[in-house]
Amino acid sequence: MNKVELRGITVHYGEHAVLEDFSLTVKAGRIIGIVGPSGCGKTTIVRSICGFINPEKGEVLIDGKLVYSKTGRVNVPPELRRIGVVFQDYAVWPHLSTYDNVSYPLKKRKTPKTQIPELVEEVLEQVNMIGYEKYLPSQLSGGQQQRVAIARALTTSSDFLIMDEPITNLDAKLREQMLVEIRMLQEKLGTTIIYITHDQEAAMQLCDEIVILNDNGSIAQIGTDEEIIKKPANRFVFQFIGVSNFLPTCIKGGKCYLSLDEEILLDDNIPQDYPIGKTRALLGVRPMDIVFDDNSPIKAKIVQATFLGNIYTYFISLGKEEYRVQRIATGETDDDKYREDLTVGVKFVNVKYFDMEESV
Ligand SMILES: Nc1ncnc2c1ncn2[C@@H]1O[C@H](COP(=O)(O)OP(=O)(O)O)[C@@H](O)[C@H]1O
Ligand SMILES: [Mg+2]
């Protein structure tokens with residue numbers, strides 16, 4: 001079943017188009033990540049789903065029912081859409097205790113007074129916060145405050161949560177822990193979660209499926225983490241999900257060359273994923289996929305070498321540019337052999353070819 005369907009949503013702020021004919025379907029019972037650079041329109045998508053803004057065009061369906069339609073003049077108010085929302089910036093009210101924070105939306109919805117304590121205890125239990133009812137946010141850790149925010153959202157719905165950068169302000173270790181907790185909660189309650197973030201690593205760790213947005217709010221790719229890593233739809237996605245190097249290539253006489261100061265043969269054939277009909281393209285390669293190989297005719301100079309943890313990071317110069325290389329220490333004696341100023345042979349593995357004209 002589909003939890004949410006956005007059909008052709010358009011939102012402008014003044015002259016500025018944030019979403020243009022935006023469509024997305026979110027299946028029920030899963031965690032979907034919506035990932036994109038800051039300012040690309042993620043929160044605008046949240047507001048459109050929740051009913052905090054009225055898009056100029058398009059339709060929103062929740063559980064198959066129309067809750068917004070510009071042309072059909074349908075606009076179900078936010079409180080009746082039954083979506084639990086966790087925001088980044090005003091996660092919990094600082095002057096209210098845990099109990100009051102969580103019970104606030106229940107009171108606002110005019111839930112019968114006698115039912116409130118039980119409902120509050122139920123959601124506090126779901127996020128392991130029983131015993132903290134009287135604490136103020138300032139007496140709780142950042143992670144505990146987030147759990148209060150999640151509990152409060154659960155009072156509106158344990159069925160559908162939207163989290164808009166919920167843990168951006170937590171430190172790395174707590175963030176990791178919260179991601180595990182969100183996953184466990186989802187498994188326990190079967191909640192549909194839309195998880196919004198600019199942090200692609202968090203999304204890959206947490207989500208069943210990830211929607212990557214371009215700068216302009218359009219969808220660059222939808223897929224599992226594996227699909228996105230192995231088959232990035234374009235250069236933008238490749239660049240967005242990890243450290244990347246790009247080298248110019250060309251096709252001549254049915255062969256593929258690196259086109260640096262001189263042309264160096266890369267492939268006797270046109271590579272399978274070379275942009276169709278193009279004679280020039282960018283080769284994209286991750287630092288771990290540039291491999292030192294003395295037998296390779298492609299020679300580069302090591303300009304910088306550093307060692308941290310068990311990973312070597314190098315900058316090599318090839319033609320006029322520098323590229324980043326990483327190697328995991330093998331523990332063998334040749335670990336130290338690649339030093340600054342050394343000229344080494346390099347080869348490229350797991351490469352992707354991207355259209356040069358594609359805007360990023
Ligand atoms: N109320 C508003 N008035 C004018 N511009 C806005 C408003 N809200 C957001 N914007 C602009 O719209 C764009 C998208 O914003 P937003 O959806 O919040 O992005 P994100 O959540 O991906 O960072 C940004 O350029 C932002 O500055
Ligand atoms: Mg935002």
Side-chain angles (χ1 to χ4, degrees), residues 4-26 31-60 62 67-68 70 75 77-78 81 83-93 142 145-146 149-150 152-153 156 160-171 174-175 178-179 182 192-207 209-223 228 233-234 236-242 359-360:
V4 185
E5 252 182 282
L6 297 174
R7 294 183 184 156
I9 295 290
T10 296
V11 178
H12 286 76
Y13 292 117
E15 296 281 281
H16 175 49
V18 180
L19 298 176
E20 193 99 65
D21 199 19
F22 183 87
S23 296
L24 178 68
T25 300
V26 175
I31 306 188
I32 302 298
I34 299 184
V35 192
S38 201
C40 75
K42 301 182 296 297
T43 296
T44 305
I45 295 171
V46 176
R47 292 193 187 122
S48 304
I49 298 173
C50 295
F52 302 142
I53 54 169
N54 300 325
E56 292 124 58
K57 281 191 200 154
E59 295 176 340
V60 181
I62 296 176
V67 296
Y68 185 80
K70 185 72 187 174
N75 194 0
R81 294 192 191 186
I83 306 168
V85 190
V86 182
F87 289 106
Q88 175 189 340
D89 297 325
Y90 35 104
V92 285
W93 292 294
Q145 290 178 33
Q146 277 308 325
I150 293 170
R152 189 180 55 197
T156 305
F160 183 21
L161 292 184
I162 301 183
M163 301 184 172
D164 190 357
E165 313 234 14
I167 55 174
T168 309
N169 292 330
L170 301 183
D171 67 49
L174 254 175
R175 225 166 35 219
M178 286 307 294
L179 290 176
I182 291 168
T192 306
I193 299 179
I194 299 184
Y195 186 89
I196 311 264
T197 181
H198 64 267
D199 175 359
Q200 76 286 354
E201 271 181 41
M204 296 220 196
Q205 206 178 327
L206 179 69
C207 301
E209 195 172 52
I210 298 160
V211 180
I212 298 187
L213 300 180
N214 290 308
D215 271 322
N216 67 1
S218 64
I219 294 176
Q221 185 167 4
I222 302 180
I228 285 168
N234 55 29
F236 173 82
V237 174
F238 187 77
Q239 226 164 337
F240 188 69
I241 59 172
S359 62
V360 282

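The shown structure was predicted, so the numbers you read here are calculated from the model rather than taken from an experiment. Order of appearance sets the numbers: ligands from 1, and atoms from 1 within every ligand. FYI, side chains are in, hydrogens and waters are out, and symmetry mates aren't considered; it's all heavy atoms of this structure.
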Item to check | With Val211, the side chain to side chain contact (heavy atoms under 4.5 Å, CB included) member among Ile194, Ile45, Val26, Ile219 | outcome: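 Between Val211 and the candidates, side chain to side chain contact (heavy atoms under 4.5 Å, CB included) is satisfied uniquely by Ile219.
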Next on the checklist: Atom CD of residue position Glu56 - does it have more than 12 heavy atoms of other residues, nucleotides or ligands inside 6.0 Å?
Outcome noted: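 Result for CD/Glu56: enclosed.
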Checklist entry - Do you see an N/O/S atom of Ser38, backbone or side chain, under 2.8 Å from the Mg ion (ligand 2)? => result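 Not a single backbone or side-chain N, O or S atom of Ser38 is under 2.8 Å from the Mg ion (ligand 2).
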Item to check | Exam field: side chain Lys42 to backbone Gly36, donor-acceptor pair closer than 3.5 Å | outcome: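 Side chain of Lys42 to backbone of Gly36, a donor-acceptor pair under 3.5 Å: yes, one is there.
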Checklist entry - Distance-only, no hydrogens or angles: does the Ser23 side chain make a donor-acceptor pair with backbone N or O of Gly8 under 3.5 Å? => result yes
What does the contact table look like for ligand 1 (nitrogen or oxygen on each side, cut-off under 3.5 Å)?
| from | atom 1 | to | atom 2 | distance (Å) |
| --- | --- | --- | --- | --- |
| ligand 1 | 17 (O) | Thr43 | N | 3.4 |
| ligand 1 | 17 (O) | Thr44 | N | 2.9 |
| ligand 1 | 17 (O) | Thr44 | OG1 | 2.5 |
| ligand 1 | 19 (O) | Gly41 | N | 3.3 |
| ligand 1 | 21 (O) | Thr43 | N | 2.9 |
| ligand 1 | 21 (O) | Thr43 | OG1 | 2.9 |
| ligand 1 | 22 (O) | Cys40 | N | 3.3 |
| ligand 1 | 22 (O) | Gly41 | N | 3.0 |
| ligand 1 | 22 (O) | Lys42 | N | 2.8 |
| ligand 1 | 22 (O) | Lys42 | NZ | 2.9 |
| ligand 1 | 23 (O) | Gly39 | N | 2.7 |

Checklist entry - Of all residues at least two apart in sequence or in a different chain, which pass the salt bridge (Lys or Arg N to Asp or Glu O under 4.0 Å) check with Arg7? => result Glu5, Glu59
Checklist entry - If we only count heavy atoms from C-beta on, is the Arg152 to Trp93 side-chain gap below 4.5 Å? => result yes
